[in-house]
Visitor: 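Right, I'll just put the structure down here and ask away after.
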Amino acid sequence: MRKFKKLIIACDGESASGKSTAAKLISKKYKLLLINSGLLYRYASKEIINYKPKNSISFLKKKFKNISYKKIVKFNLHSEQISNHAAIIAKNKNIRKIINNFQSTLIKKNKKICVEGRDIASKILAKNPKYDLAFYFKCNIKVASYRRWLDINKKVSLQNVRKSLIKRTLMDKKRKNSPLIKVKDAILIRTDKLTKKQVLSKMSEHIERLN
């Protein structure tokens with residue numbers, strides 16, 4: 001395994017496509033700082049749901065100014081309510097700007113990072129800095145639904161989970177601001193056809209071939 005002084009990886013994909021698991025595995029292997037973009041939107045949703053602010057923009061500016069990423073990752077942010085709400089606020093240009101600024105500060109402080117989300121290669125790491133390698137994750141909806149259903153401990157029906165995932169991905173792809181897209185040079189990873197070990201192996205092969 002090669003050792004890198006600088007390595008910037010972008011991981012984009014649909015809901016429950018396995019990108020978070022893959023990003024964790026590759027970050028651990030190459031000792032990269034993992035930044036989960038989706039968690040930031042989930043955190044914003046949690047705070048809005050809990051506090052119901054009159055002005056969400058000024059409220060979130062203060063929240064993100066006074067919290068560290070290390071604290072955000074410790075919250076339990078994977079309820080269906082938060083997931084559905086996050087998809088809605090992700091369409092808001094001003095909220096995206098707050099979260100993008102928060103991410104940019106983290107990114108610029110580190111040369112070895114893996115950032116995962118839905119607009120990472122197309123927006124967040126499109127330039128200054130630009131990703132060294134981009135991956136795009138897809139998963140059959142039946143497999144994705146079942147995995148998410150297990151993740152939330154079967155708290156809602158499998159059918160509702162499936163509907164929610166379909167709706168979320170459609171919203172991500174259709175939104176006006178930074179829609180979910182696969183950039184031309186992104187490497188497709190089909191997690192429904194690969195084991196975790198195979199996903200890690202495929203990603204590693206491409207990383208090892210970097211100039």
Side-chain angles (χ1 to χ4, degrees), residues 1-44 64 67-78 86 90 96 98-139 144 147-148 151 172 178 180-211:
M1 185 180 75
R2 289 172 57 189
K3 291 185 178 181
F4 294 85
K5 289 185 178 180
K6 173 186 169 292
L7 182 59
I8 300 176
I9 304 295
C11 293
D12 290 299
E14 301 169 4
S15 293
S17 60
K19 64 183 179 298
S20 295
T21 298
K24 285 178 184 176
L25 292 172
I26 209 70
S27 296
K28 183 178 180 181
K29 181 173 181 177
Y30 288 95
K31 294 181 172 57
L32 309 176
L33 169 66
L34 174 60
I35 301 173
N36 185 321
S37 180
L39 279 182
L40 301 181
Y41 287 95
R42 288 173 177 275
Y43 167 70
F64 278 97
I67 195 166
S68 68
Y69 183 71
K70 286 183 178 180
K71 285 186 178 180
I72 291 175
V73 299
K74 291 179 180 178
F75 289 115
N76 181 9
L77 302 169
H78 288 282
R96 296 196 72 84
I98 293 168
I99 292 176
N100 286 350
N101 288 339
F102 185 85
Q103 287 184 100
S104 294
T105 301
L106 274 174
I107 290 166
K108 288 175 181 178
K109 290 179 179 178
N110 297 276
K111 292 183 177 180
K112 294 178 64 178
I113 56 171
C114 175
V115 189
E116 63 117 329
R118 289 168 172 78
D119 64 343
I120 308 307
S122 61
K123 177 75 174 180
I124 306 302
L125 294 176
K127 57 181 179 180
N128 299 324
K130 182 176 172 63
Y131 56 83
D132 295 308
L133 205 57
F135 294 98
Y136 186 88
F137 296 82
K138 283 183 71 68
C139 182
R147 287 175 179 170
R148 178 57 59 84
D151 286 342
D172 288 334
S178 299
L180 168 64
I181 61 169
K182 178 182 178 294
V183 296
K184 289 182 179 180
D185 61 345
I187 297 149
L188 179 63
I189 305 287
R190 289 296 304 264
T191 60
D192 53 318
K193 296 183 177 181
L194 300 170
T195 64
K196 290 180 183 180
K197 188 175 180 180
Q198 289 170 330
V199 168
L200 179 60
S201 178
K202 184 173 181 179
M203 294 175 74
S204 300
E205 285 175 14
H206 288 282
I207 291 172
E208 294 295 324
R209 289 202 294 264
L210 282 171
N211 293 328

Visitor: If you round to the nearest 0.5 Å, how far is CZ of Arg96 from CG of Asp119?
Guide: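 Here the rounded value is 4.5 Å.
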Visitor: If you define the side chain from C-beta out and look only at heavy atoms, does anything of Ile72 sit under 4.5 Å from Phe102?
Guide: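 A side-chain contact under 4.5 Å exists here.
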Visitor: Specify the closest pair of heavy atoms between Cys11 and Met203, including all atoms of both residues, with the distance to one decimal.
Guide: SG-CE, 4.1 Å
Visitor: Is it true that a side-chain atom of Ser104 and a backbone atom of Asn100 form a donor plus acceptor pair closer than 3.5 Å?
Guide: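 Flag set: sc Ser104 to bb Asn100 pair under 3.5 Å.
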Visitor: For residues 22-35, which side-chain N or O atoms pair as donor and acceptor with protein atoms under 3.5 Å away, sequence neighbours left out?
Guide:
| unit_1 | atom_1 | unit_2 | atom_2 | d |
| --- | --- | --- | --- | --- |
| Ser27 | OG | Ala23 | O | 2.7 |
| Lys29 | NZ | Ser204 | OG | 2.9 |
| Tyr30 | OH | Glu208 | OE2 | 2.6 |

Visitor: Given side-chain contact (heavy atoms from CB on, under 4.5 Å), test Lys5 with Lys111 step by step and report yes or no.
Guide: CA-CA 7 Å; Lys5 289 185 178 180; Lys111 292 183 177 180; over 6 Å; no
Visitor: If you compare all heavy atoms of Ser17 against all heavy atoms of Thr191, which two are closest, and at what distance to 0.1 Å?
Guide: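 In this case the closest contact between Ser17 and Thr191 is O-OG1, 2.5 Å.
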Visitor: Between Asn36 (side chain) and Gly38 (backbone), is there a donor-acceptor pair under 3.5 Å?
Guide: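 It does hold such a pair.
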Visitor: His78 versus Leu39: any side-chain heavy-atom pair under 4.5 Å?
Guide: yes
Visitor: Would you say that more than 12 heavy atoms from the other residues, nucleotides or ligands in this model lie under 6.0 Å from the NZ of Lys70, or not?
Guide: no
Visitor: Which pair of non-hydrogen atoms, one from Thr21 and one from Lys196, has the smallest distance, and what is that distance?
Guide: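 Scanning both residues completely, I find the closest heavy atoms to be CG2-CE, 4.0 Å.
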Visitor: If we ignore hydrogens and angles and just use 3.5 Å, is the side chain of Lys202 paired with the main-chain N or O of Leu188 as donor and acceptor?
Guide: yes
Visitor: Please name the pair of heavy atoms, one in Ala144 and one in Ser15, separated by the smallest distance, quoted to 0.1 Å.
Guide: CB-O, 4.3 Å
Visitor: Output the distance between atom CZ (Arg190) and atom CD (Gln198), rounded to the nearest 0.5 Å.
Guide: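 Those atoms lie 14.0 Å apart.
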Visitor: List in chain and number order the residues that pass side-chain hydrogen bond (donor to acceptor under 3.5 Å, both in side chains) with Arg42, two or more places apart in sequence or in another chain; answer none if no residue qualifies.
Guide: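 Once residues adjacent in sequence are excluded, the partners of Arg42 under the side-chain hydrogen bond (donor to acceptor under 3.5 Å, both in side chains) criterion are Ser83.
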Visitor: Between Arg118 and Ser178, do the side chains contain an N or O donor and an N or O acceptor separated by less than 3.5 Å?
Guide: no
Visitor: Output the distance between atom CG (Asp132) and atom CZ (Phe4), rounded to the nearest 0.5 Å.
Guide: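 Answer rounded to 0.5 Å: 8.0 Å.
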Visitor: Are Phe137 and Glu116 side-chain neighbours, meaning at least one heavy-atom pair lies under 4.5 Å?
Guide: no
Visitor: Using every non-hydrogen atom in the two residues, find where Phe64 and Leu40 come nearest and quote the distance to one decimal.
Guide: CZ-O, 3.5 Å
Visitor: With under 30° as parallel and over 60° as perpendicular, where do the rings of Tyr43 and Phe75 fit, or are they tilted in between?
Guide: parallel
Visitor: Heavy-atom distance under 4.5 Å between the side chains of Tyr131 and Ile124, does that happen here?
Guide: no
Visitor: Any side-chain heavy atom of Tyr136 sitting closer than 4.5 Å to one from Val183?
Guide: no
Visitor: Would you say Lys6 and Pro129 make side-chain contact, with heavy atoms under 4.5 Å?
Guide: no
Visitor: Looking at every non-hydrogen atom in both residues, tell me the closest pair between Ile120 and Asp12 and how far apart they are.
Guide: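 In terms of heavy atoms, the two residues are closest at N-OD1, 2.7 Å.
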